[in-house]
Protein chains: 4
Amino acid sequence: MVDQSPLLKEQTRRERRIERQRKAIMDAAAGLFAQKGYLATTTRDIAETVDMGESTLYGYFAGKKEILQAILSHQAEMVDSLLVHIVEMEDPQSFVNLVDLLMEKILTRTVYNRVLIAEAWTSEDVLQEYVLTRWQPVMQRLESFISMKTAAGIFRPIEPGLAARMLLACFIAAILPVLRGIEPPPSAQQRRMLAVSVVGIISNGLSIQEG
Amino acid sequence: MVDQSPLLKEQTRRERRIERQRKAIMDAAAGLFAQKGYLATTTRDIAETVDMGESTLYGYFAGKKEILQAILSHQAEMVDSLLVHIVEMEDPQSFVNLVDLLMEKILTRTVYNRVLIAEAWTSEDVLQEYVLTRWQPVMQRLESFISMKTAAGIFRPIEPGLAARMLLACFIAAILPVLRGIEPPPSAQQRRMLAVSVVGIISNGLSIQEG
Amino acid sequence: MVDQSPLLKEQTRRERRIERQRKAIMDAAAGLFAQKGYLATTTRDIAETVDMGESTLYGYFAGKKEILQAILSHQAEMVDSLLVHIVEMEDPQSFVNLVDLLMEKILTRTVYNRVLIAEAWTSEDVLQEYVLTRWQPVMQRLESFISMKTAAGIFRPIEPGLAARMLLACFIAAILPVLRGIEPPPSAQQRRMLAVSVVGIISNGLSIQEG
Amino acid sequence: MVDQSPLLKEQTRRERRIERQRKAIMDAAAGLFAQKGYLATTTRDIAETVDMGESTLYGYFAGKKEILQAILSHQAEMVDSLLVHIVEMEDPQSFVNLVDLLMEKILTRTVYNRVLIAEAWTSEDVLQEYVLTRWQPVMQRLESFISMKTAAGIFRPIEPGLAARMLLACFIAAILPVLRGIEPPPSAQQRRMLAVSVVGIISNGLSIQEG
DNA sequence: CATGAATGAGCGTTCATTCAT
DNA sequence: AATGAATGAACGCTCATTCAT
């Protein structure tokens, strides 16, 4: 029962070590990419940040480009899992839960998202592969949610595409300073309050409701 | 009385020529910066686009960095003038006029704004000098506008800062694909419709108003 | 009549200057390649030898590889022109003239040939493109010459291919130390004597002729 | 009396194992060196070919350079033994035996010779130490053989040095495609035929002998 | 004023070798 | 003894900038 499969254990321990190193490199790189941009960051910068020899990086990644791609893919996985969660949340009951979940997911690994946004802003390919394609299902889920509400007579008739984009925009606006790195991430409580504000505005607007 | 102006004329003609050239360089550079990013754009790229010798650029700008700064300053001036217009518009009557004006101003020289956003995203200095500082008066004007409406009993009580940011966010969302360069600029008519939509959502939300 | 086409003149002067520089770089590189081999020669080495900045090289050649190719092509042209000369020499009268011409052509730009041989020795592609293909017409001309002599009853029956190769080998042997760079190039007179020796052995061998 | 040998046996068995490994490494390296050249071959290439960890090589050789030297020395020993054989062959009776022996010796370990030639072509030191010095006795033996024949009235008067070099050249020409690796090694029979051809040409030339 | 040519600084990357296990 | 991991040194090459014309 004891000491079974020492080889296997060794194997996985090594693999874990490698994965840990890759993670450390990605984190360091993401921080630098977020701060200075991908091109302005040198492999020397990254190596120094992880406290490694420059050439050691190449034992874990094929090159600088691949580090970036790993970071972007990492975020893509996050978005993919996000979709799963949203779909599983069969009856979100209210917008608030949905928005809160979106915010939570986006605000984890903030720097990764900063990098993703920066790259998508100047690269057609990244925009397509890592943003448009990935977010499409999320947006569609959002749109169908809005359509449902409209059909149920809860929302007034509105183009669901524009509505979804504005909903997204409102909470992006709410978290932009965090994403940009000029404000610290909000606590769970603060985040929920933001979500409530966003949904409040989206639902009822600024105007006083009569009746 | 004779022969007095030729020198002056020559002078100003030269100056105009110089200014025209500087503009041409800035436009070319802005297009490339927007497309590939500042660092990925070489001075050779710029020179070829303006159809100049590479070293000729240095007769008009001290260096690549200065071209970027000229572009950013150019946009800053636009924002500054925007504030003047907003302040002059003593009673905008409705949000729509305000929002429409903002959109119009932002959508002129789209590429310049793409560059500005890209740089502000990865440079603390650019963010401070060309975005936060410049937009603060605009945001303040917006906030005081909202406060006024709230005080007048037209808006329900809400934190004007957050409201202003979300208002901004909503129309940024509306024009993001244009800014990003994946959709063409809207016509004046389309723009006004967008403005109406944005203000509609901000004012009344998605929910059906009762009473 | 005078001062006609200054632009054209300027053009060609610049072109000549460029061609001169390219030649200087090729010569320097060929010398180093011959001495240390292509891979052991750094672009810094070459630049220092031509007394240039390292990056200046790249104004004349796309890269290190292209310098090598230019050198190899240069030799290929020599071989091509050699063939023309041989074909034009309608009746060489004797082997000696043919062999002497071959020797002369091969011993010009000795270093270039050293480089060519070195590369062909370890690169299938270079061997094919720059040696086998180019020399084939020369060898064929040689073989048909031998066949003619055999048919005329002057040579005894022998496989002309092997004979041609051995003829080539004999004078390669004669000039190998020069090619290898351990002996200085022979004078025209010395060269002719070598040619006579080579043809002597090929024709009559070492044995004393009886009869 | 008992248990005395195990240690010794173990020792020699280990030594044999080490020697076997060294040989395997040398063979793998020689193959790669012959194919791509010494510098273009990485220690990783070699290690993979011998199916070893890269660092394990350093248990058998002090470094990449030392592997090359071992290969070159190996060939040098071959040449040394060649001289012994030639000297022992007190009366070779005919050239053919001599030439055949030379060919046989050179065509064993073809790749080793390819490496040797490649290195000698671009390294003064290798040329001196592993070629000129080693072959000098062989050439001298050849020259004295020729001198003997000349003195005996069998050969016509000729400078024996040039004659020896051309003799060498002729059979090098005969086996060059094999050495270069573009033709398979000849069978013993084919080899003898080549030797006969070579000696035939050297002895009697191409011309028809009269009388 | 315009420019072709030149260049230093620095980049991403490779590789023979060392070291800890 | 064997090896995966680490690394310094050096490579080929790019590019913003300068300079002579």
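Fair warning: this is a prediction, and the values are worked out from it, not measured in the lab. As a basis for the values below, the full set of heavy atoms in this structure was taken, side chains included, without hydrogen atoms, waters or symmetry mates. Throughout, protein chains are lettered first and strands after them, A, B, ... in sequence-line order, and every chain is numbered starting at 1.
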Just to be sure I understand the rule, does T43(D) reach a base, reach only the sugar-phosphate, or reach nothing, if contact means heavy atoms closer than 4.0 Å? base
| query | Contact class for F61(D) vs. all strands (heavy atom < 4.0 Å): base, sugar-phosphate, or nothing? | reply | nothing
When we call it a touch if two heavy atoms are under 4.0 Å apart, what does I18(C) touch: a base, just sugar-phosphate, or nothing?
sugar-phosphate
Of the listed dT17(F), dG12(E), dA16(E), the closest approach to the E54(A) side chain comes from dG12(E)
Rounded to whole Å, the CD1-C1' distance (I46(B) to dA16(F)) equals 10 Å
Whole-Å distance, R44(D) CZ to dA16(E) P, equals 10 Å
| Are any non-hydrogen side-chain atoms of Q35(C) and T122(D) less than 4.5 angstrom apart? | no
Exercise. Under 4.0 Å between a side-chain N or O of Q21(C) and OP1 or OP2 of dA6(E)?
Worked result: yes
Atom CD of E48(B) and atom P of dA16(F) are separated, to the nearest Å, by 12 Å
Picking from dT18(F), dC1(E), dT7(F), the nucleotide nearest the side-chain atoms of S55(B) would be dT18(F)
Take the angle between the ring planes of F33(D) and Y38(D) and call it parallel below 30°, perpendicular above 60°, tilted in between. perpendicular
Report task. Ignoring backbone atoms, test whether T56(A) places a side-chain nitrogen or oxygen under 4.0 Å from the OP1 or OP2 oxygen of dA5(F). Result -> no
Charged N to carboxylate O below 4.0 Å: is that the case for R16(A) and E19(A)? no
* Does R44(A) pair with E48(A) as a salt bridge, N-O distance under 4.0 Å? -> no
T42(B) has its side chain closest, among dG12(E), dA1(F), dC15(F), to dC15(F)
Open item on the list: Within the 4.0 Å heavy-atom criterion, would you say E66(B) contacts the bases, only the backbone, or no part of the nucleic acid?
Closed with: nothing
Walking DNA chain F from its 5' end, the first of K64(C) and G59(A) to be reached, judged by nearest nucleotide, is G59(A)
Whole-Å distance, D51(C) CG to dA5(E) C1', equals 15 Å
When rounded to whole Å, the OH to C1' distance for the pair Y60(C) and dT14(F) reads 17 Å
To the nearest angstrom, the CG-P distance between L57(C) and dA6(E) comes to 10 Å
Per side chain to side chain donor-acceptor pair (under 3.5 Å), D45(D) is matched among T42(D), T49(D), T41(D) by T42(D)
